[in-house]
There are 2 protein chains.
Amino acid sequence: MVVDFSKLELNKLIPIYLQIIRHVKMEILAGNAQDGFEMPSRRVLSTLLSVNPNTVQKAYKQMEEEGLIISYPGSKSIVVANEENIIRIRQELISDEVLSFIKSARAMGFTLDQAKNVLDKYWDYKGKEVD
Amino acid sequence: MVVDFSKLELNKLIPIYLQIIRHVKMEILAGNAQDGFEMPSRRVLSTLLSVNPNTVQKAYKQMEEEGLIISYPGSKSIVVANEENIIRIRQELISDEVLSFIKSARAMGFTLDQAKNVLDKYWDYKGKEVD
DNA sequence: AAGACTGTATTATGCATATAATACAGTTAC
DNA sequence: GTAACTGTATTATATGCATAATACAGTCTT
């Protein structure tokens, strides 16, 4: 099975290679990218995302260094989704995504209840308009 | 009264001038930066944040163009926190902060209830460790 | 065996961000 | 009025990110 990138929408503010890495981590956490799954090749993913192959390579190289994937020259790269990695990724993403949101919500003057109400209101939200 | 920047901690991933702008918007939303409040001078804020004066100037110039502040050459810049701005800022920050968090939480496989539980767990969180 | 795919590497260019060092004119405080 | 502050502007340099264009060697498929 191959790790799915079809739901990754690139944001212009954050470096693309970091968004690729974060996407893989989220797919692992969500249980969609399991241990031993294949990564798409650098060239294939660069085409899919309309991005330069070197940008994808930068992401893959860093994931390699983090022990998130294993690459064999000539062959495809493989996901390493062992317990150790999953625990580390969960801590990292909670710290990056959850805590930064809480920080923002508090800075905006939200109480905990108000923050939960906002989640209720926008959880199933799809489009672009907000009110 | 002068807009407070003492609680702004700079993140290395996001451009500094954007973090400055976002901080002002959050202070306005939270009701801390009220209409007519003074901004710290470019030089003073650059010293406070340990950042180049030109970086602060870039943030102030963009806020000027957004109608968020008014500057008079030689004098201090003033916050424009009218109803129109507040509504626009609220929409913008909800879109930027709330929707991006929801998107991340869903990508991590969280249900709405799980997301709320995470908020409960970390809302009052201070330090750096996560479990 | 051959061709098409892999990973990996190098060199060059463009752009945005941030820094550094000045400069000048208007306002404010003493 | 003078000094110390304002906003505003310019030029130069460095860095990170992304792109473009190649190149080479290993693996896989047929």
Side-chain angles (χ1 to χ4, degrees), chain A residues 1-5 8-25 33 36-80 96, chain B residues 1-5 8-25 33 36-80 96:
Chain A
M1 291 292 292
V2 180
V3 177
D4 177 39
F5 280 83
L8 173 53
E9 297 168 19
L10 293 179
N11 171 318
K12 302 191 175 185
L13 280 182
I14 306 170
I16 295 172
Y17 79 97
L18 291 180
Q19 296 183 59
I20 292 172
I21 296 173
R22 192 180 57 175
H23 182 263
V24 172
K25 289 176 177 175
F37 272 34
E38 286 180 4
M39 295 288 290
S41 84
R42 276 83 163 158
R43 289 170 180 87
V44 166
L45 184 56
S46 75
T47 301
L48 176 65
L49 299 179
S50 300
V51 143
N52 194 280
N54 295 335
T55 301
V56 177
Q57 165 62 8
K58 184 169 185 174
Y60 278 39
K61 186 173 185 178
Q62 183 165 325
M63 286 191 280
E64 179 87 28
E65 289 164 355
E66 286 187 33
L68 221 62
I69 64 173
I70 296 183
S71 302
Y72 305 98
S75 184
K76 294 206 173 165
S77 297
I78 296 298
V79 172
V80 181
D96 286 359
Chain B
M1 291 290 293
V2 180
V3 178
D4 178 39
F5 280 83
L8 172 54
E9 297 168 19
L10 294 179
N11 171 319
K12 303 191 173 184
L13 280 182
I14 306 170
I16 294 171
Y17 78 99
L18 291 180
Q19 295 183 59
I20 292 172
I21 296 172
R22 191 179 58 175
H23 182 262
V24 172
K25 289 176 176 173
F37 272 35
E38 286 180 2
M39 295 287 289
S41 83
R42 277 82 163 157
R43 290 169 179 85
V44 164
L45 184 56
S46 76
T47 301
L48 176 66
L49 299 178
S50 301
V51 144
N52 193 280
N54 295 335
T55 301
V56 177
Q57 165 62 7
K58 184 168 185 176
Y60 279 38
K61 186 173 187 178
Q62 183 165 323
M63 285 190 280
E64 180 87 27
E65 290 164 355
E66 285 188 35
L68 222 62
I69 63 173
I70 295 182
S71 302
Y72 305 99
S75 184
K76 293 206 174 165
S77 298
I78 296 298
V79 172
V80 181
D96 285 359

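Within the 4.5 Å cutoff, no side-chain heavy atoms of A:Thr55 are placed close to those of A:Leu49. Inter-residue side-chain proximity for A:Val2 and A:Lys76 is flagged as unmet; no heavy-atom pair is nearer than 4.5 Å. In this structure, A:Ile21 and A:Lys25 have side chains that are in contact, with non-hydrogen atoms separated by less than 4.5 Å. At a threshold of 4.5 Å between non-hydrogen side-chain atoms, the residues A:Glu38 and A:Ile78 count as touching. Side-chain contact between B:Arg22 and B:Asp96 is absent, with no heavy atoms from C-beta onward closer than 4.5 Å. At least one side-chain heavy atom of B:Phe5 sits under 4.5 Å from a side-chain heavy atom of B:Pro40.
Considering only side-chain N and O atoms, B:Arg42 lies under 4.0 angstrom from the phosphate OP1 or OP2 of D:dT8. At least one side-chain nitrogen or oxygen of A:Lys58 sits closer than 4.0 Å to the OP1 or OP2 atom of D:dC17.
Atom CG of A:Asn52 is separated from atom P of C:dG14 by 15 Å (rounded to the nearest Å). The separation between A:Ile14 atom CD1 and C:dT17 atom C1' is 16 Å, rounded to whole Å. Between the CD atom of B:Glu64 and the P atom of D:dT6 there is a distance of 17 Å, given to the nearest Å. When rounded to the nearest whole Å, the span between NZ of A:Lys12 and P of D:dA18 equals 13 Å. Put simply, CD on B:Gln19 is 19 Å from P on C:dA16, counting in whole angstrom units. Atoms CD1 (A:Ile70) and P (D:dG26) sit 20 Å apart, rounded to a whole Å. A:Lys61 has its NZ atom 13 Å from the P atom of D:dC17, to the nearest Å. In this structure, A:Asn54 places its CG atom 9 Å from C1' of D:dA21, rounding to the nearest Å.
The line from NZ of B:Lys58 to CG of B:Leu18 is 8.0 Å long, rounded to the nearest 0.5 Å. To the nearest 0.5 Å, atoms CG (B:Leu45) and OG (B:Ser77) are separated by 11.0 Å.
Between its two ends, the helix from C:dA1-D:dT30 to C:dC30-D:dG1 turns its axis by 30°, counting five pairs per end and rounding to 10 degrees.
When heavy atoms are screened at a 4.0 angstrom cut-off, A:Val56 is found touching no nucleic acid atom at all. Nucleic acid contact for A:Ser71: sugar-phosphate only, since backbone atoms but no base atoms lie under 4.0 Å from a heavy atom of the residue.
Closest non-hydrogen pair, A:Ile69 versus A:Ser71, comes out as CD1-OG, 4.1 Å.
In this structure, of D:dT19, D:dT6, C:dT6, it is D:dT19 that holds the atom nearest to the side chain of A:Thr55. The B:Tyr17 side chain lies nearest to C:dT17 when the options are C:dT17, D:dT6, D:dT19.
Residues satisfying the side chain to side chain contact (heavy atoms under 4.5 Å, CB included) criterion with B:Tyr72, sequence neighbours excluded, are B:Ile70, B:Ser75.
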| field | Under 4.0 Å protein heavy-atom contact, by nucleotide of nucleotides 25-30 of chain C - B base, S sugar-phosphate only | value | -BSS--

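Both B:Met39 and A:Pro53 lie close to DNA chain D; mapped to their nearest nucleotides by heavy-atom distance, the more 5′-ward contact belongs to B:Met39.
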